[in-house]
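The structure appears right after this line, and notes come after that.
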There are 2 protein chains.
Amino acid sequence: MERSNERGDDPRAAAGRPPTIRGVAERAGVSKSLVSLVLQGSPRVSDAKRRAVQDAIDELGYRPNAAARSLVARRTHTVGVLLNDLRNPWFVDLLDGLNSVLHAHGLRMLMADGRLDRRTGQDVARTFQELRVDGLVVVGTLPDTDGLAEVAERLPTVIAGNHEPLLPHVDIVANDDERGARLATEHLISLGHRRIAHIAGRGVVGTLRRRGFEAAVRAHGLHTAAVVESADGTEEGGYRAAVRLLNPARRTERPTAVFAFNDISCVGALSAAQELGLTVPVDLSLVGYDNTYLARIRHLWLTSVNNASHDVGRRAARCLLDRMAGKGAPAGHQLVAPELEIRGSTAPPPGAA
Amino acid sequence: MERSNERGDDPRAAAGRPPTIRGVAERAGVSKSLVSLVLQGSPRVSDAKRRAVQDAIDELGYRPNAAARSLVARRTHTVGVLLNDLRNPWFVDLLDGLNSVLHAHGLRMLMADGRLDRRTGQDVARTFQELRVDGLVVVGTLPDTDGLAEVAERLPTVIAGNHEPLLPHVDIVANDDERGARLATEHLISLGHRRIAHIAGRGVVGTLRRRGFEAAVRAHGLHTAAVVESADGTEEGGYRAAVRLLNPARRTERPTAVFAFNDISCVGALSAAQELGLTVPVDLSLVGYDNTYLARIRHLWLTSVNNASHDVGRRAARCLLDRMAGKGAPAGHQLVAPELEIRGSTAPPPGAA
DNA sequence: CCCGGTCCATGGAACGGTCCAACGAGCGCG
DNA sequence: CGCGCTCGTTGGACCGTTCCATGGACCGGG
């Protein structure tokens with residue numbers, strides 16, 4: 001088929017409005033019902049008419065109107081994904097996992113940025129509710145929990161990569177942060193470290209990772225030498241916490257290893273170490289969390305806990321599919337086992353044999 | 001209002017389906033037309049009835065159905081944003097800029113990941129067309145250009161942060177990559193560097209940045225000492241290109257400065273320098289592009305070209321608004337002036353006075 | 001030849017909103 | 001007192017689909 005840029009003879013431009021199913025029907029010389037059948041791929045249509053309809057669709061450049069369709073079908077085949085904090089790209093693998101499963105079930109994903117909620121006063125969850133998406137996936141931490149609670153009453157909802165809020169019929173899928181933190185800490189202990197510090201993060205995830213750290217040091221009788229500094233999960237926060245921890249004034253008590261809340265604050269700690277003249281991993285070992293591409297950068301090459309995002313995404317998708325199928329199960333809480341990814345930022349402590 | 005978890009007495013759960021405008025009307029003892037008027041904030045409604053309707057809406061938890069609404073109004077007040085490569089978060093500021101302007105005009109943004117096009121065979125642009133979004137913004141490079149051409153014939157479309165494809169009625173807004181590359185290169189030249197290399201990237205953006213580099217070195221008569229290595233815009237690619245450039249075998253000819261296609265490949269070059277025993281910026285100066293948060297990490301602290309993403313986003317939004325207003329102007333091509341952000345990865349060359 | 005069944009095809013009633021024409025009440029004015 | 005105007009409110013048409021009930025053509029069997 002030739003395509004022309006001149007508006008005149010292009011049948012697609014004939015009407016000011018986009019072509020409808022009636023236009024297609026008229027052009028193909030059939031009823032709109034038949035066109036509808038062709039669109040659904042019904043087998044009870046003769047080949048001749050099917051072809052005629054298909055040709056008309058192509059010639060007009062017809063696209064079904066999702067609004068009209070979902071109005072009567074009462075399904076949109078669309079899942080809303082609420083993202084937050086696009087700057088911290090730990091969720092990218094999670095989205096891949098989500099999409100692979102959802103797409104296999106004929107669902108498409110639309111994303112919205114939850115950060116904008118606060119910034120501009122729009123309620124993104126509400127937008128998805130008005131669009132009548134078939135389901136909702138909340139990725140990570142959400143600023144506004146009240147709005148979500150209301151929406152989740154009506155819409156199959158799953159929270160992925162975070163452990164809160166706990167809501168009546170909302171499943172939670174995340175990596176086992178406490179276990180991941182234990183893995184990281186035990187790795188340091190097994191290398192021979194005795195004075196280990198933790199740079200903590202905020203929220204439930206922060207609490208869990210801190211708890212895992214504390215459990216591990218306690219289990220090995222190292223809790224008296226363990227320190228925890230609070231931070232906010234940013235590079236700046238990690239830097240400042242590390243400066244406090246590595247303060248040269250109390251040199252003898254300085255930790256030989258630091259487990260940070262996430263990769264980005266771990267990088268902050270790395271900078272602090274460098275400024276204080278400490279070489280990583282010779283003088284100081286560092287472990288991050290999330291195994292983002294930051295950790296994989298050669299120049300940083302951080303040992304980090306892989307939070308199994310892809311798997312979390314896939315499982316979240318399956319939970320959502322179950323909910324959408326109408327199984328009114330009580331809210332579940334799935335934990336996926338994280339794994340430690342050992343790279344160049346950890347080694348035995350300075351005085352080790 | 002008390003909220004209960006028991007389904008029995010919650011009026012919201014009365015019907016299996018979500019409440020409609022008729023349900024609200026019935027409960028408020030008015031006609032559905034009046035409810036509609038209240039929803040639009042019409043002034044020709046008595047206060048008493050307005051309150052009654054508002055109460056009914058709250059009690060039922062009513063949310064207007066966007067599908068029904070857009071069907072008759074023939075507007076969705078929604079703009080589709082096609083993202084690509086979520087792993088490279090240079091576009092985050094761009095989205096902020098976009099959103100600020102679009103939201104001020106009563107439009108909401110929905111995002112979709114274009115990478116999925118190829119991976120799973122879904123056509124995301126088509127999805128937006130079926131949803132009848134009012135406009136489309138393409139952010140960055142798109143895998144499938146044919147599909148876009150077709151959609152752009154029907155939908156007001158703007159490309160942001162990339163210079164292609166060139167389509168009949170599609171505006172392009174991006175930073176002036178050629179100029180940014182000149183800025184970066186001239187900064188190195190003014191520091192005293194004479195042997196300067198460029199790690200090139202792919203696509204039109206890659207070509208433009210390379211062209212800017214070449215123009216600058218030529219203008220200063222340094223083109224005979226200039227080298228260009230091809231790469232793919234990844235850390236790995238930057239690393240490999242840098243290894244080739246800094247090869248110790250031809251030590252005397254080694255460049256004293258490298259301008260990389262983007263921050264991430266610049267980080268790759270940084271790693272290569274480190275491995276070869278070169279100290280940045282003492283032995284080697286590095287400049288990146290995009291001024292992502294990578295460049296701002298203390299431990300990296302790269303001099304980088306700020307691509308003015310926020311501004312690009314705002315301008316793209318304005319272009320789209322103009323197109324949506326029906327001004328059938330020919331495709332425009334706006335360039336926003338980038339600025340150099342000088343940090344710690346650049347200094348005078350080793351032998352400088 | 002008529003009847004029942006199969007196979008394609010069709011008209012029309014939803015779906016949940018918006019918007020327009022129309023309508024009654026109340027009021028001021030001639 | 002009646003006319004016209006404004007104000008607040010309402011019924012109904014319509015948007016573009018899906019789906020259901022129905023219709024006609026054709027065929028084989030009684």
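Scope of the values below: all heavy atoms of this structure, side chains included, with no hydrogens, waters or symmetry mates. Chain naming here is simple, since letters A, B, ... match the order of the sequence lines and numbering starts at 1 in each.
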Practice problem: Classify the side-chain pair A:T76/A:D134 by whether it contains a donor and acceptor separated by less than 3.5 Å. | Solution: yes
Quiz item: B:R323 and B:D171: salt bridge (Lys or Arg N to Asp or Glu O under 4.0 Å), yes or no, with the steps?
Solution: CA-CA 9 Å; B:R323 290 236 168 262; B:D171 295 310; 2.8 Å; yes
Self-check item: Salt-bridge contact A:D96-A:R314 (side-chain N to carboxylate O under 4.0 Å)
Solution: no
Quiz item: What integer distance in Å separates B:I21:CD1 from C:dT18:C1'?
Solution: 8 Å
Quiz item: Crowded around B:E130 CD? As in, over 12 foreign heavy atoms under 6.0 Å?
Solution: yes
Quiz item: So what does B:K32 hit on the nucleic acid, given a heavy-atom distance under 4.0 Å: a base, only sugar-phosphate, or nothing?
Solution: base
Quiz prompt | Value in whole Å for how far the C1' atom of D:dC19 lies from CG of A:L39 | solution = 14 Å
Self-check item: Whole-Å distance separating the CZ atom of A:R17 from the C1' atom of D:dG16
Solution: 11 Å
Exercise. Taking only the side-chain nitrogens and oxygens of A:Q40, find out if one of them lies under 4.0 Å from OP1 or OP2 of D:dC19.
Key: yes
Exercise. Specify the residue among A:R44 and A:S33 whose closest nucleotide of DNA chain C lies further upstream toward the 5′ end.
Key: A:R44
Self-check item: Interatomic distance, A:R63 CZ vs D:dT17 C1' [rounded to whole Å]
Solution: 16 Å
Quiz item: Of all the nucleotides listed (D:dT17, D:dT9, C:dG16), which has the minimum atom distance to the side chain of B:L71?
Solution: C:dG16
Quiz item: Relative to the 5' end of DNA chain D, which residue comes earlier, A:T20 or B:L34, by the nucleotide with the nearest heavy atom?
Solution: B:L34
Quiz item: How is B:R74 classified with respect to the nucleic acid when contacts are heavy atoms under 4.0 Å: base, sugar-phosphate, or nothing?
Solution: sugar-phosphate
Exercise. Using whole Å, report how far CG of A:L131 lies from P of C:dG17.
Key: 13 Å
Quiz item: A:F128 and B:L110: side-chain contact (heavy atoms from CB on, under 4.5 Å), yes or no, with the steps?
Solution: CA-CA 10 Å; A:F128 279 134; B:L110 283 181; 3.9 Å; yes
Exercise. May I ask you to verify if any side-chain N or O of A:S46 is less than 4.0 angstrom from the OP1 or OP2 atom of C:dA9?
Key: yes
Quiz item: Rounded to the Å, how far apart are B:R69 CZ and D:dT17 C1'?
Solution: 20 Å
Quiz item: Under 4.0 Å between a side-chain N/O of A:S31 and OP1 or OP2 of C:dT10, yes or no?
Solution: yes
Quiz item: Which whole-number value in Å describes the distance from B:R22 CZ to C:dC15 P?
Solution: 8 Å
Quiz item: Does D:dT18 have OP1 or OP2 sitting under 4.0 Å from an N or O in the side chain of A:S36?
Solution: yes
Self-check item: Whole-Å gap separating P (C:dC7) and CG (A:L37)
Solution: 15 Å
